[in-house]
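Heads up: the structure comes next, in structure tokens.
Since the structure is predicted, the reported quantities are computational estimates derived from the model, not experimental observations.
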Amino acid sequence: MVLALTAMGAGAAVVVASKGTPQPTLASSARRVLVTCRAPSLGGALPALVYLPAGYRYGSGRYHVIYFLHGLPAQPNTYTTNAFVASGVPAGRRTIVVAPQGARGDNDDREYLNWGPTEDWPQAIAHDLPRCIDKRFRTVANRFGRALVGLSAGGYGAFNIGLRNLSTFAVVESWSGYFAATDPSGEHVLELGSDQADVDARVPAGRYLKREQATWPALIAFYIGRQDSRFLQMNREFEAQLRQAGVSHYFRIYAGGHTAALWHAQVAPWLLMALRYAHPEGRRRGG
């Protein structure tokens with residue numbers, strides 16, 4: 001059960017069916033603000049859609065931030081089409097949702113990788129974007145104020161970037177994601193021309209991640225649909241790697257495929273889990 005997460009110890013994992021997931025009350029509609037962040041890593045700028053919850057403009061308190069990466073291939077405006085994530089924030093949670101652009105051309109599939117000095121997506125997502133958002137909005141400007149979440153290719157991006165930057169994000173979630181960069185079909189792993197590039201395109205696990213999590217305690221959580229024919233086995237294998245390495249994590253398999261129906265059904269409980277971990281009362285150790 002999601003609410004029992006904080007009782008899990010190092011190396012723990014949960015693999016259960018979809019019944020019984022709590023459905024928290026959802027927040028009211030958020031106000032949308034389009035921002036353009038300075039992003040040297042992308043050659044200049046990174047646009048993002050920011051969802052500010054009701055009451056933000058009237059108060060003085062600080063807010064946790066959910067950074068959400070959309071799926072690929074995508075269009076330049078795909079980042080503006082994920083309002084369901086902001087709508088899934090449970091009522092009463094002081095939370096901003098930030099959805100950055102992840103595609104700069106038509107049918108773009110850059111996999112959130114580092115393609116060079118002016119297209120370094122990991123640097124842009126882990127450094128340029130949080131710095132911009134922390135300056136412009138009243139955020140909890142530390143790692144426990146930030147969660148990196150994504151679906152499908154965005155889930156891959158969230159894990160590949162987030163697990164290498166646990167000093168920035170205390171929560172990393174993948175929804176129906178995968179763990180090695182793929183071509184647009186999702187069925188063939190990319191070969192990027194060098195051993196180092198191929199390593200950088202695989203989500204870290206094993207001893208490296210065990211050490212990082214010991215230094216930077218974090219919620220590492222992911223789910224997959226039982227009928228997801230492309231990525232189900234890859235998720236099971238990655239979960240086994242984490243378990244063998246003793247990396248604390250949370251994993252679930254739900255009824256459903258690689259579909260919006262699954263993501264919409266799970267958005268509220270998975271955001272609630274992220275926010276409960278980030279809140280001081282929802283964790284046992286600081287960072």
Side-chain angles (χ1 to χ4, degrees), residues 1-16 64-67 69 112-114 121-123 125-127 129-131 134 139-150 154-175 177-181 195-196 198-224 234-253 270-287:
M1 176 174 187
V2 170
L3 301 186
L5 175 70
T6 55
M8 294 166 57
V14 176
V15 186
V16 294
H64 288 78
V65 183
I66 302 287
Y67 291 91
L69 306 185
Y112 296 101
L113 293 174
N114 178 4
W121 290 98
Q123 181 73 8
I125 298 299
H127 299 282
L129 183 61
R131 183 179 297 114
D134 287 344
T139 66
V140 177
N142 60 55
R143 62 186 300 270
F144 278 106
R146 306 185 193 101
L148 185 60
V149 178
Y156 159 74
F159 260 39
N160 199 39
I161 296 170
L163 299 187
R164 299 177 192 275
N165 291 276
L166 294 182
S167 62
T168 300
F169 304 102
V171 176
V172 184
E173 289 188 359
S174 170
W175 305 348
Y178 45 92
F179 309 98
D195 291 343
Q196 187 59 55
D198 290 343
V199 168
D200 291 344
R202 289 185 175 274
V203 174
R207 281 184 248 176
Y208 164 83
L209 188 54
K210 175 70 172 176
R211 290 194 305 267
E212 287 297 291
Q213 193 182 48
T215 303
W216 306 104
L219 168 62
I220 299 170
F222 55 113
Y223 73 75
I224 192 69
M234 189 183 293
N235 273 256
R236 283 175 164 158
E237 291 172 356
F238 188 77
E239 191 278 327
Q241 291 178 39
L242 296 185
R243 187 160 22 93
Q244 183 176 17
V247 175
S248 180
H249 62 285
Y250 185 82
F251 175 55
R252 292 195 76 171
I253 298 175
W270 278 71
L271 293 184
L272 176 63
M273 176 168 58
L275 294 168
R276 281 187 163 169
Y277 182 86
H279 193 276
E281 294 179 359
R283 52 185 164 85
R284 290 176 293 175
R285 299 172 62 187

Of all heavy-atom pairs between [X] and [Y], which one has the smallest distance, and what is that distance?
X      : Y      : answer
Asn114 : Pro122 : N-CD, 3.6 Å
Asn160 : Ala201 : ND2-CA, 4.2 Å
Met273 : Ala221 : CE-CB, 4.0 Å
Trp121 : Ile161 : O-CD1, 4.3 Å
Gly206 : Val247 : O-CG2, 4.1 Å
Gly150 : Ala158 : N-CB, 3.8 Å

(request) Could you list the residues that satisfy side chain to side chain donor-acceptor pair (under 3.5 Å) with Thr168, not counting sequence neighbours? (result) none
[atom1]-[atom2] distance between [X] and [Y], expressed to the nearest 0.5 angstrom:
X      : Y      : atom1 : atom2 : result
Ser248 : Lys210 : OG    : NZ    : 8.0 Å
Ile224 : Arg236 : CD1   : CZ    : 10.0 Å
Glu173 : Leu148 : CD    : CG    : 10.0 Å
Tyr208 : Arg164 : OH    : CZ    : 6.5 Å

(message) Test your reading of the model: is there a side-chain donor-acceptor pair from Glu212 to the backbone of Leu163, 3.5 Å cut-off?
(response) no
(message) Taking Asn165's backbone N and O only, do any of them form a donor-acceptor pair with Arg143's side chain (distance below 3.5 Å, no angle check)?
(response) no
Mind checking whether [X] and [Y] have side chains closer than 4.5 Å, heavy atoms only?
X      : Y      : result
Ile66  : Leu275 : yes
Phe159 : Tyr178 : no
Leu69  : Tyr156 : no

(message) Quick one, Leu209 with Leu166, criterion side-chain contact (heavy atoms from CB on, under 4.5 Å). Give me CA distance, side-chain angles, the key distance, then yes/no.
(response) CA-CA 9 Å; Leu209 188 54; Leu166 294 182; 4.2 Å; yes
(request) For Gln196 and Asp200, test the side chains for any donor-to-acceptor distance below 3.5 angstrom and give the result as yes or no. (result) yes
(message) For a side-chain contact (heavy atoms from CB on, under 4.5 Å) check, start with the C-alpha distance between Arg252 and Trp270, then their side-chain angles and the critical distance, and finish with the verdict.
(response) CA-CA 11 Å; Arg252 292 195 76 171; Trp270 278 71; 4.3 Å; yes
(message) Parallel, tilted or perpendicular: which one describes the rings of Trp175 and Tyr223, with boundaries at 30° and 60°?
(response) parallel
(message) Can you classify the ring geometry of Phe169 versus Tyr67 as parallel (below 30°), tilted (30 to 60°) or perpendicular (above 60°)?
(response) perpendicular
(message) For the aromatic rings, using the six-membered ring if either is Trp, is the centroid distance between Phe222 and Phe179 under 6.0 Å?
(response) yes
